[in-house]
Amino acid sequence: MRADVPPATGALAAFLIGRLVVRRLDGVLLSGRIVETEAYLPDDPASHSFRGRTQRNRTMFGNYLHAYVYFIYGSAYCLNVSSEADGIGAAVLIRALEPVEGIALIRERRGAGVADRDLMRGPGRVCSALDIDRRLDGADLETDPRLWLAEDGTIPPAVGMSARIGLSRAADVHQRFYARGSRYLSGRRSLSPR
DNA sequence: CAGAGGATCGGCT
DNA sequence: GCCGATCCTCTGG
């Protein structure tokens, strides 16, 4: 691979927009359409993998299409998809989903008073809605019966790009991808121009 | 072992 | 829009 070839991580982050995350929970299927992702590239100062492999981030360094789940701010889990070959630390953060299947159970899990628009609008809310935590870290998203990625044949939406959200480093790197026009985006409006 | 910081959320102004 | 909660993880001594 040469330097002018787009990194697989960025390509995956864009490709995943419009695809589904599916969770099986006690035999019930919960799913959502991916409307927002962020790429955390190899050698990215904002990435958990930047300072090398640790106990927490080791699935980022494993093969691609495995779940990397971490806990943040004492309150939220975030779901990522590992995105490069074995030995390279990189991942795609799933930032927001549009509810598709199992909405009744998702509403129940998120609690009364939460607007449908907010059920999975934000990475912590995605994991809260789908009961994703460190138990799922390392899950193979091609074979695990609890969590996987799917396509449903719908036409992929137009994809926009912007800076990533909530970073103190590499804040100018435009590796956030979103479905244009979706009402389920987590970012501020200035980051999602219509 | 102590300290600091963080890919967030929800509540309040 | 701003702010605090909350606790895991990593780093340095």
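All chains are named by letter (A, B, ...) in the order of the sequence lines, taking the proteins before the strands, and each is independently numbered beginning at 1.
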(message) Just to be sure I understand the geometry, which residues of residues 86-104 of chain A put a non-hydrogen atom under 4.0 Å away from DNA chain B?
(response) A:Leu93, A:Arg95
(message) In this structure, how many angstroms lie between the C1' atom of C:dT6 and the CD1 atom of A:Ile72, rounded?
(response) 11 Å
(request) Let me know the distance between CZ of A:Phe50 and C1' of C:dC10, rounded to the nearest Å. (result) 15 Å
(message) How about CZ on A:Arg53, more than 12 heavy atoms from neighbouring residues, nucleotides or ligands closer than 6.0 Å, or not?
(response) yes
(message) Closer than 4.0 angstrom, basic N to acidic O: yes or no for A:Arg56 and A:Asp137?
(response) no
(request) Give me the residues of residues 58-70 of chain A where at least one heavy atom lies under 4.0 Å from an atom of DNA chain B, by number, or none. (result) A:Met60, A:Tyr70
(message) Are B:dT8 and A:Tyr73 stacked, with the base six-membered ring and the side-chain ring centres under 5.5 Å apart and planes under 30°?
(response) yes
(message) Rounded to whole Å, how long is the line connecting atom CZ of A:Arg169 with atom C1' of C:dC10?
(response) 12 Å
(message) Any base atoms under 4.0 Å from A:Arg110, or only sugar-phosphate, or nothing? Heavy atoms, all strands.
(response) sugar-phosphate
(message) Is it true that A:Asn57 and A:Ser49 share a donor-acceptor pair across their side chains at a distance under 3.5 Å?
(response) no
(request) Would you give the length of the straight line joining atom NE2 of A:His48 to atom CZ of A:Arg58, rounded to the nearest 0.5 angstrom? (result) 15.5 Å
(request) Represent DNA chain C in dot-bracket notation, 5' to 3'. Only Watson-Crick or G-U wobble pairs with both distances under 3.5 Å count; pseudoknot-style crossings use [ ] and interstrand partners use |. (result) |||||.||||||.
(request) Could you tell me the separation between the CG atom of A:Asp133 and the P atom of B:dT8, rounded to a whole number of Å? (result) 18 Å
(request) Using atom CZ of A:Arg134 as one end and atom P of C:dC7 as the other, report the distance to the nearest whole Å. (result) 17 Å
(message) Can a side-chain donor-acceptor contact be found between A:Glu84 and A:Thr9 if the only test is distance below 3.5 angstrom?
(response) yes
(request) Could you grab the distance from atom SG of A:Cys78 to atom CZ of A:Arg125, nearest 0.5 Å is fine? (result) 12.0 Å
(message) By nearest heavy atom, map A:Ser75 and A:Arg51 onto DNA chain C; which one lands nearer the 5' end?
(response) A:Ser75
(message) Using the rule side chain to side chain contact (heavy atoms under 4.5 Å, CB included), only one of A:Asp131, A:Ile72, A:Val126, A:Asp133 pairs with A:Tyr77; which is it?
(response) A:Asp133
(message) Could you measure the distance from the OG1 atom of A:Thr37 to the CZ atom of A:Arg19? Nearest 0.5 Å is fine.
(response) 11.5 Å
(request) Nearest 0.5 Å please: distance from the CG atom of A:Asp116 over to the OH atom of A:Tyr184. (result) 6.5 Å
(message) If I take atom OH in residue A:Tyr77 and atom P in nucleotide C:dC7, what distance separates them, rounded to the nearest angstrom?
(response) 10 Å
(request) Check every atom of B:dC9, B:dG6, C:dT9 against the side chain of A:Arg125 and return the nucleotide holding the closest atom. (result) B:dC9
(message) Whether the A:Thr154 and A:Arg33 side chains hold a donor-acceptor pair (N or O, under 3.5 Å, no angle test) is what I'd like checked.
(response) yes
(request) Take atom CG of A:Asp172 and atom C1' of B:dA7, then tell me their distance rounded to the nearest Å. (result) 16 Å
(message) Among A:Arg176, A:Arg121, A:Arg95, exactly one meets side-chain hydrogen bond (donor to acceptor under 3.5 Å, both in side chains) together with A:Ser186. Which residue is that?
(response) A:Arg95
(request) Round to the nearest Å and state the distance from A:Arg53 atom CZ to C:dC10 atom P. (result) 13 Å
(message) Within 45 degrees of the ring normal and closer than 6.0 Å to the centroid, is that where the cationic atom of A:Arg164 sits relative to A:Tyr40?
(response) yes
(request) May I ask you to say what A:Ser168 touches in the nucleic acid, namely base, sugar-phosphate or nothing, with a heavy-atom cut-off under 4.0 Å? (result) sugar-phosphate
